[in-house]
Amino acid sequence: MKRTLQAVLLLCTGAALLRVSLFSDICLRYVKEGLRPYLIATGLVLLALGLIGAFRDGLPFAAKRNEDDEPRNDGEHTHDEHTHDGHGHDHSQGPRIAWLLLLPTLTLLFFAPPALGSYTAARDNAKVVEDYSRFDPLPAHDPVPLSLTEFIARVQQDKRSLGGRTVLMSGFVTPGTNGTWDLTRLLVACCAADSQSLTVTVHGVQPPPADTWVKVTGTWHPQGALGTGSAALALDGATVRRIPQPPSPYLDRAPAGP
């Protein structure tokens, strides 16, 4: 890769990173929110390096025009013909492997892939919910907004709080079997590559298409002993309402209001 093209690639890569991290929240489809400042810093550094390279070596088309405009003396030796070390090595060329950056860079610039969804969740490892030392009392009104994490923890560890209560949760749809489907959340420790899934099986209501984000109200599906490991991670659904995908799809939070 020629030096002039390296500068263009650095500029495009820096612009792509800033597009998904500084000027939008697209980066949260791929990494956790805490890594966003590092992506912004990296994008700025790449832009600066690209500008330095363009100032030093020029840009591809500008360089070609300059070469065409200048008369060529046949007896004059160019840098390409004889390098500074005299051994015939062309130091104006970078490693060809740099071209591998072109496709992901253009993808982030013009078409940012969506966040992980039902395809990943159906093949992912289930997230183990940690033991709670205590549970706060639930509010008196129904439906009670809960994250999937808290709902799963209360089903398996709390024998009283969910009995007869209507809960409200949000997530995306993962197709199931036998007329059921899963309300799903994916959690990441660092980035999408280490994702783990939280799923609650929903009975009794028809789901929208796979990967649709929804709010669901319902009551615990009575199967197994509530507050023990035998309790079903399931819900008898009452209502389903479509919602937009949240800006941070890998944060499992209780939804705000019905």
Side-chain angles (χ1 to χ4, degrees), residues 9-47 97-130 145-153 169-177 181-202 207-216 233 240 242-256:
L9 184 57
L10 284 170
L11 289 171
C12 289
T13 305
L17 283 177
L18 293 180
R19 180 205 170 212
V20 301
S21 59
L22 180 60
F23 300 113
S24 70
D25 52 20
I26 293 174
C27 66
L28 301 181
R29 302 176 186 176
Y30 321 121
V31 298
K32 63 189 252 183
E33 194 163 6
L35 296 179
R36 189 174 189 174
Y38 298 99
L39 290 178
I40 295 173
T42 302
L44 293 173
V45 169
L46 290 175
L47 271 183
I97 197 171
W99 284 108
L100 294 178
L101 284 173
L102 182 61
L103 183 59
T105 295
L106 293 178
T107 300
L108 287 180
L109 270 175
F110 300 110
F111 174 73
L116 299 179
S118 60
Y119 179 87
T120 301
R123 293 159 178 79
D124 219 341
N125 296 321
K127 170 73 173 175
V128 177
V129 175
E130 64 183 15
L146 292 178
S147 66
L148 264 66
T149 300
E150 186 175 358
F151 177 81
I152 291 171
M169 297 184 291
S170 64
F172 61 85
V173 175
T174 299
T177 58
W181 52 280
D182 291 335
L183 184 67
T184 309
R185 285 275 193 167
L186 289 171
L187 306 182
V188 300
C190 173
C191 62
D194 60 25
S195 65
Q196 292 181 300
S197 62
L198 293 169
T199 60
V200 172
T201 301
V202 181
D211 295 315
T212 304
W213 281 81
V214 294
K215 283 183 179 180
V216 180
L233 302 179
V240 179
R242 298 188 187 209
I243 59 172
Q245 177 179 295
S248 300
Y250 302 123
L251 289 181
D252 181 32
R253 293 170 172 162

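Note that these values count all heavy atoms, side chains included, but never hydrogens, waters or copies made by symmetry.
The shortest distance between side-chain heavy atoms of Arg242 and Pro209 falls below 4.5 Å. Using a 4.5 Å heavy-atom cutoff, the side chains of Ser170 and Val214 are not in contact. Inter-residue side-chain proximity for Val202 and Val240 is flagged as unmet; no heavy-atom pair is nearer than 4.5 Å. By the 4.5 Å heavy-atom criterion applied to side chains, Thr199 and Leu233 are not counted as neighbours. In this structure, Tyr250 and Leu116 have side chains that are in contact, with non-hydrogen atoms separated by less than 4.5 Å. Between Pro244 and Trp213 there is no side-chain heavy-atom pair separated by less than 4.5 Å. Contact annotation: the side chain of Thr107 approaches that of Pro113 to within less than 4.5 Å [non-hydrogen atoms, C-beta and beyond]. By the 4.5 Å heavy-atom criterion applied to side chains, Cys12 and Leu106 are not counted as neighbours.
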Exercise for review: Evaluate side chain to side chain contact (heavy atoms under 4.5 Å, CB included) for Val216 paired with Trp181, printing each intermediate quantity in order.
Suggested key: CA-CA 12 Å; Val216 180; Trp181 52 280; 3.7 Å; yes
Discussion item. Side chain to side chain contact (heavy atoms under 4.5 Å, CB included) for Val31 and Val188? Distances and angles first, verdict last.
Written reply: CA-CA 8 Å; Val31 298; Val188 300; over 6 Å; no
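Distance check: Ile243 CD1 to Phe172 CZ gives 12.0 Å after rounding to the nearest 0.5 Å. Taken to the nearest 0.5 Å, the CG atom of Asp252 stands 5.5 Å off from the CG atom of Leu148. Rounded to the nearest 0.5 angstrom, Leu100 CG and Leu9 CG are separated by 10.5 Å. Atom-to-atom distance recorded for Leu187:CG and Ser195:OG is 9.0 Å, nearest 0.5 angstrom. Between the NZ atom of Lys32 and the SG atom of Cys190 there is a distance of 7.0 Å, given to the nearest 0.5 Å. A distance of 8.5 Å separates CG in Leu18 from CG in Leu46, rounded to the nearest 0.5 Å.
Residue Ser147 comes nearest to Met169 through the heavy atom pair O-SD, 4.2 Å, listed as atom of the first residue, atom of the second, then distance. Listed here is the closest heavy atom pair of Pro207 and Val173: CB-CG1, 3.9 Å. When all heavy atoms of Arg36 and Ser21 are compared, the pair lying nearest together is NE-O, 2.7 Å. Nearest heavy atoms, Asp25 versus Pro247: OD2-CB, 3.4 Å. Residue Thr105 comes nearest to Leu101 through the heavy atom pair OG1-O, 2.7 Å, listed as atom of the first residue, atom of the second, then distance. Across all their heavy atoms, Gln196 and Ala126 have their closest contact at NE2-O, 4.2 Å.
Ser197 and Thr184 share no side-chain donor-acceptor pair at under 3.5 Å. Judged purely by distance below 3.5 Å, without hydrogens or angles, the side chains of Thr149 and Arg185 never pair a donor atom with an acceptor atom.
Checked by atom type and distance alone, the side chain of Lys215 pairs as donor or acceptor with a backbone atom of Ala256 at under 3.5 Å. Distance alone, capped at 3.5 Å, is enough to place a donor-acceptor pair between the Asp194 side chain and the Ala189 backbone.
Screening Thr174, Thr212, Asp182 for a side-chain contact (heavy atoms from CB on, under 4.5 Å) with Ser118, the sole residue that qualifies is Thr174. Tested against Leu47 for a side-chain contact (heavy atoms from CB on, under 4.5 Å), the candidates Thr42, Leu11, Thr13, Leu17 yield a single pass: Leu11.
Heavy atoms of other residues, nucleotides or ligands lying less than 6.0 angstrom from CZ of Arg253 number 12 at most. Annotation: Ile97, atom CD1; neighbour count of heavy atoms from other residues, nucleotides and ligands within 6.0 Å does not exceed 12.
Cation-pi geometry between Arg123 and Tyr119 is met: under 6.0 angstrom from the ring centre, within 45 degrees of the axis.
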